[in-house]
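Scroll down for the structure; my scribbles are underneath it.
Protein chains get the first letters and strands the later ones, always in sequence-line order, with residue 1 at the start of each.
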Number of protein chains: 2
Amino acid sequence: MFKVTKKAEYGLRAMIILAKNFKSKQLVSVREISNKEKISFDFLEKIISQLEKAKIIKGSKGVNGGYSLTKSPNNISVRDIVNILEEFDRISNCPFCPRNKKCIAKNAWVKINASLAKALEQIKLSQLMR
Amino acid sequence: MFKVTKKAEYGLRAMIILAKNFKSKQLVSVREISNKEKISFDFLEKIISQLEKAKIIKGSKGVNGGYSLTKSPNNISVRDIVNILEEFDRISNCPFCPRNKKCIAKNAWVKINASLAKALEQIKLSQLMR
DNA sequence: ATAATATCAGACAGAATTAGTCTGCAATAA
DNA sequence: TTATTGCAGACTAATTCTGTCTGATATTAT
């Protein structure tokens with residue numbers, strides 16, 4: 001239906017919170033984020049885990065453990081996050097479809113994909129912290 | 001998963017074919033489009049029907065019947081089509097979410113939605129006919 | 001050392017959406 | 001009047017989404 005999934009929406013919210021704590025180097029636990037953002041703990045844990053595998057955040061186990069960004073919020077775009085959680089940052093796979101190399105619609109989707117990628121790329125986490 | 005549905009992809013392809021036949025005022029049947037574009041006839045019929053209800057195309061029954069655009073391909077954008085078939089042309093409903101008026105992520109999705117809408121709007125059917 | 005806390009991993013499942021299929025009626029042209 | 005085409009809607013298999021649940025592992029505080 002043309003929408004980002006909850007995964008990406010929750011993931012972005014979580015990343016913004018981590019961004020806020022980047023300077024102080026404070027770890028934030030999944031439980032804290034879950035409470036603050038009213039996101040299911042179990043579900044959020046899986047999302048966070050996926051972000052960690054992509055090495056955009058890092059986890060520390062044990063009491064007072066939690067997560068932190070591995071790089072500055074200036075260098076993390078919404079596109080980075082979406083790419084990890086959605087596997088695609090494209091609206092349409094049409095440009096990559098093997099059906100017909102001269103597909104009449106391909107041109108449109110190529111352009112639209114590019115515009116979207118650019119829009120996602122331009123927004124950095126640092127802009128969303130305030 | 002962040003993608004337009006087949007409905008929108010098929011719908012756009014169908015609309016491009018109708019656009020090609022706009023000048024000659026020739027009707028094109030669902031069967032013809034289905035054959036040419038290798039799209040399931042039954043499924044395509046439903047898509048076309050939805051486009052007709054939105055009055056962006058018009059159907060004529062009977063032998064040698066078919067469909068035609070109700071206005072010039074210059075005045076039909078990809079956004080028009082997507083809006084009809086997907087019900088939304090936004091990537092995220094976050095900006096419209098009642099959860100939290102000061103949601104930290106809202107800003108991002110507002111901008112991304114706007115960029116996408118603009119990209120969809122800018123591409124007219126007339127550009128895709130060649 | 002032990003208990004508490006937190007990450008980490010993966011199986012499982014209900015609900016929703018997608019992508020069609022199938023049946024039949026209605027209108028029109030040959 | 002018959003073949004063709006649009007038109008309408010019920011139905012369904014498959015997939016994806018949005019979680020839940022169980023348990024293991026690592027680390028820290030006591």
**Item:** Polar side-chain atom of B:Gln127 near backbone of B:Lys124 as donor-acceptor pair, under 3.5 Å
**Value:** yes

- Query: Does A:Ser68 offer a backbone N or O that forms a donor-acceptor pair with the side chain of A:Asn21 under 3.5 Å?
  - Reply: no

Between [N] atom [atom2] and [X] atom [atom1], what is the distance in whole Å?
| X | N | atom1 | atom2 | result |
| --- | --- | --- | --- | --- |
| B:Lys6 | D:dA13 | NZ | P | 21 Å |
| A:Phe41 | D:dG23 | CZ | P | 16 Å |
| B:Glu32 | D:dT4 | CD | P | 14 Å |
| A:Arg31 | C:dC8 | CZ | C1' | 15 Å |
| A:Asn35 | C:dA6 | CG | P | 11 Å |
| A:Leu27 | C:dT7 | CG | C1' | 11 Å |
| A:Lys61 | C:dA6 | NZ | C1' | 9 Å |
| B:Asp42 | C:dT21 | CG | P | 6 Å |

* Asked: Is A:Glu52 side chain donor-acceptor paired with the C:dC8 base, going by distance under 3.5 Å alone?
  -> no

- request: Kindly say whether, by distance alone, the side chain of A:Lys46 makes a donor-acceptor pair under 3.5 Å with the base of C:dG10?
  value: no

| query | B:Lys58 near the nucleic acid: base, sugar-phosphate alone, or nothing, with a heavy-atom cut-off under 4.0 Å? | reply | nothing

Judged by nearest nucleotide, the residue sitting upstream toward the 5' end of DNA chain D, B:Gly65 or A:Glu45, is B:Gly65

| request: Could you check if a side-chain atom of A:Ile33 sits within less than 4.5 angstrom of a side-chain atom of A:Ser29, using non-hydrogen atoms only? | output: no

The reported gap from OG1 in A:Thr70 to CG in A:Asn75 (rounded to nearest 0.5 angstrom) is 10.0 Å

Would you say [X] places a side-chain N or O within less than 4.0 Å of OP1 or OP2 belonging to [N]?
| X | N | result |
| --- | --- | --- |
| A:Asn64 | C:dT5 | no |
| A:Thr5 | D:dT16 | no |
| A:Ser40 | D:dT20 | yes |
| B:Tyr10 | C:dA19 | no |
| B:Tyr67 | D:dC7 | yes |

In A:Leu51, A:Ile56, A:Ile57, the residue satisfying side-chain contact (heavy atoms from CB on, under 4.5 Å) with A:Leu18 is A:Ile57

